[in-house]
Amino acid sequence: MKFPPKLKKGDTVLLVSPSSPLSADQPAEKIAAQVEALGFRVRIGESCRSSTSSGYAAAPPAVRAADISGGFADPSVAAIWCTRGGSTAWQLLPLLDYARIAAHPKPFIGFSDVTTLHLALQQRCGIVTFHGPMANRTLDWAEDPFSRRSLWAALEMGACLPVENPPGEEIKVLRPGRACGRLTGGNLSLVTTSLGTPWQIDARGCVLYLEDVGEDVYALEEMLWQLRYNGVLDSAAALVFGTFTSCRNAYRPEYGPEELLRDFFSGCGKPIVYNVRSAHCAPMVTLPMGVLCEADACAGTLTLRR
């Protein structure tokens, strides 16, 4: 996997909206001003300035795909930062110029619906991407210094980077053991949606990371069964789970995502940890996806290596 060049102050960051449109209270100009305040030049992609008749897509798929492919190919752009998640990033997959992207690795940042793009860029282009905060989250960074520090630590990663949760948040051990593999995954719903497509996740020998938001606990179980039946869970060397924000059980409120995971993987012989805070939560850990991950589910630690 190719690790992108480090981002430096004064570099140009391209803002793109690969999924849903920006809200009226978070226009592109407001987000750009916050990114500029971090010390970067900012260019606003065309995908940030339009929407479609559906109301849930930021711009026509060709516009969004051109922003991303063009941003990678443009030598004046040092990084591409997604403004927000939502839905419809899957529309871009057949339109991206993977050859141009692979030839010009650079930081690509986002999470949630951006999982679809992370998987495609890792598997088709062989580049490390960053499962980190959307650019619109910089609007809240005055009260969230941890997320900012975690993003910079990932972008500036040297030979080794221990994964550190926010203070007071323990990485919990669900099943003990140790394993090492390339880090992949992201949002559980999007990973499951990839099954049966040309961009299906390849978790063979990998450390598989999964998180989600707003799903009923029974829906989480359905998706886990689909991944198990498809062989994805069995093929992974280790499993790492993030938070499952606002994922509730209307039938038994005390039986939540953690209880589900403990039951579902009770007979599993591979390392499993839970509560890595790279998810729909704040503060948020940034994970460089595609790097080697040493998962020690005896000590409850994750160590990333280039």
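Side chains are part of it too, since the values below use all heavy atoms of this structure and drop only hydrogens, waters and symmetry mates.
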When you check the side-chain N and O atoms of Asn249 and Glu259, is any donor under 3.5 Å from an acceptor? no

Can you list the other members of the hydrophobic cluster that holds Leu292, where links are side-chain heavy atoms under 4.5 angstrom apart? none

With Arg262 via salt bridge (Lys or Arg N to Asp or Glu O under 4.0 Å) - residues at least two apart: Glu258

Assess, by modelled atom type and distance only, whether the side chains of Gln122 and Thr129 contain a donor and an acceptor separated by less than 3.5 Å. yes

Report yes or no: is the cationic atom of Arg149 (NZ for Lys, CZ for Arg) closer than 6.0 Å to the six-membered ring centre of Trp152, at no more than 45° off its axis? no

Could you check whether the rings of His131 and His118 sit parallel, tilted or perpendicular, using 30° and 60° as the cut-offs? tilted

Assess whether a salt bridge exists between Glu170 and Lys172, defined as any Lys/Arg side-chain N lying under 4.0 Å from an Asp/Glu carboxylate O. no

Tabulate below the donor-acceptor pairs under 3.5 Å that side-chain atoms of residues 18-34 make, not counting sequence neighbours, or state none.
residue, atom, partner, partner atom, Å
Ser19, OG, Asp113, OD2, 2.6
Ser20, OG, Tyr56, O, 3.2
Ser20, OG, Ser87, N, 3.1
Ser23, OG, Asp25, OD1, 2.6
Gln26, OE1, Asn136, ND2, 3.1
Glu29, OE2, Arg49, NH1, 2.8
Lys30, NZ, Asp25, O, 3.4
Gln34, NE2, Thr138, O, 3.3

Excluding sequence neighbours, so at least two apart, what forms salt bridge (Lys or Arg N to Asp or Glu O under 4.0 Å) with Glu169? Arg277

Closest non-hydrogen atom pair between Val114 and Phe108, with its separation: CG1-CE2, 3.5 Å

Sorted by chain and residue number, the salt bridge (Lys or Arg N to Asp or Glu O under 4.0 Å) partners of Arg182 (sequence neighbours excluded) come out as none

Pairing of Arg137 and Asp144 as salt bridge, 4.0 angstrom limit: no

Are Phe241 and Phe265 near enough that their ring centres are under 6.0 Å apart? yes

Euclidean distance, Trp90 CH2 relative to Leu117 CG, rounded to 0.5 Å: 12.5 Å

Quick one: list whatever passes side chain to side chain contact (heavy atoms under 4.5 Å, CB included) with Pro176, sequence neighbours left out. Cys298

